[in-house]
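The structure appears right after this line, and notes come after that.
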Amino acid sequence: MTEARLTGIDRNETLQYLGWLGSPIPEELAAEISRCENRILETARPRAVWRLFDLLPDGTLASTTFRPEGRDVPALLKDCSQVILMAVTLGGEAERLLLTSQARSMGDAVILDAAAGAAVENVCNNLCCDLEARFSPRFLTDRFSPGYGDFPFSQQRAFFDLLDITRRIGVSLTDSGLMLPQKSVTALLGIAYTPQEHRHRGCASCTLFAGCSFRKEGKHCGSC
Amino acid sequence: MDPAEIILLDGGMGTQLQAAGLPTGQLPELWNLTEPEKVTAVHRRYVEAGSRILYTNTFGVNGLKAARYGHSVSELVEAGVRCARAADRGEGIRVALDIGPLGQILEPLGTLRFEEAYALFREIVVAGRDAGADLIVIETMSDLYEVKAALLAAKENSSLPVWTTMTFEASGRSFVGTTVSAMGLTLSGLGADAIGFNCSLGPKELLPLVCELRRWTDLPLILKPNAGLPDPATGEYRLSAEAFAEELLPALREGVAYLGGCCGTTPEFIRVLRERLAVPGLRVDQAPISNEKPPRSDGVCSATGTAVFDGVRVIGERINPTGKKRFQQALREQDIDYIVARGIEQQDAGADILDVNVGLPGIDEAEMMKRTVKALQAVIDLPLQIDSSNPEAIEAGLRAVNGKAIVNSVNGKEESLRAILPLCRKYGAKVVGLCMDENGIPETWEARAAIAERILNAALAIGMPKEDVLIDCLTLTVSVQQEQAGETLRALRYVRETLGLRTVLGVSNISFGLPARENITVSFLTQALAAGLDLPIVNPNQPAVMDAIAAYRVLAGEDSDSEAYIRRFASREKPASTEKIAGSPAKASGISLTDCILRGLKGETARLTEEALETRGEMAVIDELLIPALDRVGMLYEKQEIFLPQLINAANAACGGFEVIRRRLAQSGSRSVSKGKILLATVYGDIHDIGKNIVRTVLENYGYTVIDLGRDVPAEVVVETAVREDIRLVGLSALMTTTVSSMADTIAALRRSGHDCRIMVGGAVLTPEYALEIGADYYAKDAKQSADIAREVLG
């Protein structure tokens, strides 16, 4: 199964998007965050589209003119003979909720925004898991999005052309390269015959998340 | 309907061109100019397969993309029409100018304005009309507002028939949430000649949507589905031509008149369809048999919400300046947020439709109506009732509205009928007809009913459907003209039962001048409902009024199993919580204003502000209580003892206090309190504005007046506003690296203008160093710091 699935929202990720650094969270605020996460879970209609391409030796995707630029993507794909392009969105309904909530309560709006950010991560993670299963016994690399590392943001356009994203899942790309609905992700990932090294999953998945002194100073501990 | 009347359209174009050698990634419409014979060859194969209407190869052409093409819209369109026309070898083929989505999302989710979209569509329409297209097809749309812009552009700039098809998901909504009922009601009203679905899904999945659409329109239906669902790995569609036809034929029973295919379909699909349609007697069970139409539903709608007219529907009356000083002040200061908040309040109180009246001497009512309609529909799903006596304001509202609206009102005067009804017909709005004319309000019910009939006939004469006429029999004040209450009710019953029209009535007037008004109002309302009132215009914030309506719905059998009634009063059992944050009602004793703000208790902050105002002046309350409380919140935030949601909730609570002060000053006729004006904007090209909105909330609650230009704001608009409003502090936000350059341009433009102001900037990718490098005076790392900067600059 490779449909878009939203199965839950990681509280730590919501808190991280809210800039939380470990201060006490009053009971009523925790309840407010739960309410906001639930509203996102109820409102979002996640959608996904993906497609498989053969990878030519020069790094171009077969039968297209798209060749990811920079050094990071070729390094990621060094063991791969195929590549998947994917796009995921929480949908226009959640986007509208984020917009309307700003007129009702800015406090709820920032929490909803953070929860929606965590939700779209969940949809991406689920899709990648499903793809992992589908392409087993081969292995998938981490996913990599335009704008990460030296993978130029401007190559976003190729994802839209090759996946027909606007027509298939209702996401459009503005002239300045921003996606609408905003809670949308494009990424590529490679398929290899050998196990692939995965990067650290980020601070929100760390056991020291709440009290980390590096994080309080806006730094990382080096393991990510 | 006879199978012979089914007209076959064509199928997929892009994949056919690729099969003919169009390289992946090249824009298909370019071939209209460079390889016209290949485009014509594809059209020709559709004609030979049985297509009688050809869509031109112009789906992606529009002015926004002209640069990518390197050719003008008119060149590409003209060539596209020519290519299709050349495929006609005497078959009498009709050529449809194909118009697709612009590729940019319209306001409010996106930044493309409705008026800009209209202009882009007009350019395509004019080109197609001049090139000799036989009809116009607007297709693959998911945003009803975009369809409206295109449909108006087509109707206003050509006399060709206009078809529109939209794409939906199996859930019955489009990607942006448009419902099938909203599509049917709105597009029928706006004068489309045929409507339906294309793309989206396979025929089987679209069939239930076709049935739903049939309930909301009498227009011929169009169906052009995909060849099933695509294989995710390859993007290829799965249905064979035979299976496609098999799935599509049941749609004929729903009165579909035009059939074709979209993604993944080929001339073979059309050929098989023609064969299946041409064999008499084949699969009679699936042939179009019935001329009986399913029962038609009626109502009004926004793009995402429909008020179905199958019982009492409440029109909320609170967006209206009459007798409300605070509302008048908001209009004069163009404080749209205040107006929108009145809409949200009524939606939460159970209104089904919102009346919108923004008429006030000295303001540009048409412009204000347009802005208000757009702002309301950005955040509220309810249909709107445009309330004005000024035809210009009515048209501005009707044009801006996304959905099917009501116009309040026309009356029996010749002049009124002539000015208002054509607007309602053009924009497909329902109209409220007032039972009065040149001679005022008749005293007998018979004379009022006669005016109602006159209004109905005038509407029918210009082609409005009967169900679009609503009648208001007019409520007079019972303390002045006691016998008139009965006349109103008698007129109402006649209009409902004999004329067969739905009725509207503003009821609050009845009790003017009497003590305990609510008794009279509710009693009259109940009698009017019993006499057949469909659409009471009331203040939904009055619980007694809404209770009476809830009870009526039970007694009239509208509220099945009393479900809504039980739900309404179940929540009444609990003590009413006025605080947003549950579980922490501030006890009247002991808690200070500072604590209330710190805990985000808005209602309690307002109450304590009222109390403080008994002993201190307005400015003293602001400077001695509200601001110090906010400062304490800011300090805790800096020390990381609280985090962002708490900062905002505190600012929001303080807002409760400021609102009390604003209301009091409005009552006494003073100007608003303000510590100075600040202009905020998210720069051109950027649409991520939540950070800017947080800053705005905080600044407003420190007592500053914020002029918020929104997002994607061109540099010249920032400069022009800063100069006009004499702004001394400008705040700019940009989220992405790609848009920081636009921030630098805006700063440069402000400096070039010579206008004396300070500039603060913020956004995820900015650093203090970079902020200075691009010429800003301040870098604000968060909302708290922006308030510190404001204090430094403005005091």
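Proteins get letters first, then strands, A, B, ... in listed order; numbering begins at 1 in each. Just so you know, these numbers use all the heavy atoms, side chains as well, and skip hydrogens, waters and symmetry mates.
Proximity to chain B (any heavy atom under 4.5 Å) is restricted, for A:Arg45, to the side chain, taken from C-beta onward. Looking at B:Asp381, both its backbone and its side chain come within 4.5 Å of chain A, counting heavy atoms on both sides. Contacts of A:Leu99 with chain B are made by both backbone and side-chain atoms, with heavy-atom separations under 4.5 Å. Contacts of B:Ile642 with chain A are made by backbone atoms alone, with heavy-atom separations under 4.5 Å and no side-chain atom involved. With a 4.5 angstrom heavy-atom cutoff, A:Met86 does not touch chain B via any of its atoms. Using a 4.5 Å cut-off between heavy atoms, A:Glu95 contacts chain B through both its backbone and its side chain. Heavy atoms of B:Pro101 lying under 4.5 Å from chain A are absent altogether. Looking at A:Val110, the atoms closer than 4.5 Å to chain B (heavy atoms on both sides) sit in the backbone and in the side chain alike. Interface residue B:Cys263: only side-chain heavy atoms are found under 4.5 Å from chain A. With a 4.5 Å cut-off on non-hydrogen atoms, B:Ser142 does not touch chain A at all. When heavy atoms are compared at a cutoff of 4.5 Å, A:Thr64 does not approach chain B at all. In this structure, the portion of A:Ile25 lying under 4.5 Å from any heavy atom of chain B is its side chain and not its backbone. Proximity to chain B is limited to the backbone of A:Ser63, based on heavy atoms less than 4.5 angstrom apart. For B:Ser742, no part sits under 4.5 Å from any heavy atom of chain A, backbone or side chain. Contacts between A:Ala31 and chain B at a heavy-atom distance below 4.5 Å are absent for every atom of the residue.
Taking the charged nitrogens against the carboxylate oxygens, A:Asp175 and B:Lys65 have no contact shorter than 4.0 Å, which rules out a salt bridge. Ionic pairing of B:Arg68 and A:Asp161 is present here: one or more N-O contacts between side-chain nitrogen and carboxylate oxygen are shorter than 4.0 angstrom. In this structure, B:Glu169 pairs ionically with A:Arg47, as a charged nitrogen and a carboxylate oxygen lie closer than 4.0 Å.
Atoms OG1 and CZ, on A:Thr89 and B:Phe175 in that order, are 9.5 Å from each other to the nearest 0.5 Å. The structure places CG of A:Leu178 at 8.0 Å from CG of B:Leu735, a figure rounded to the nearest 0.5 Å.
The nearest pair of heavy atoms linking A:Arg51 to B:Thr234 is NE-O, 3.1 Å.
The cationic atom of A:Arg167 (NZ for Lys, CZ for Arg) lies less than 6.0 Å from the six-membered ring centre of B:Phe59 and within 45° of the ring axis.
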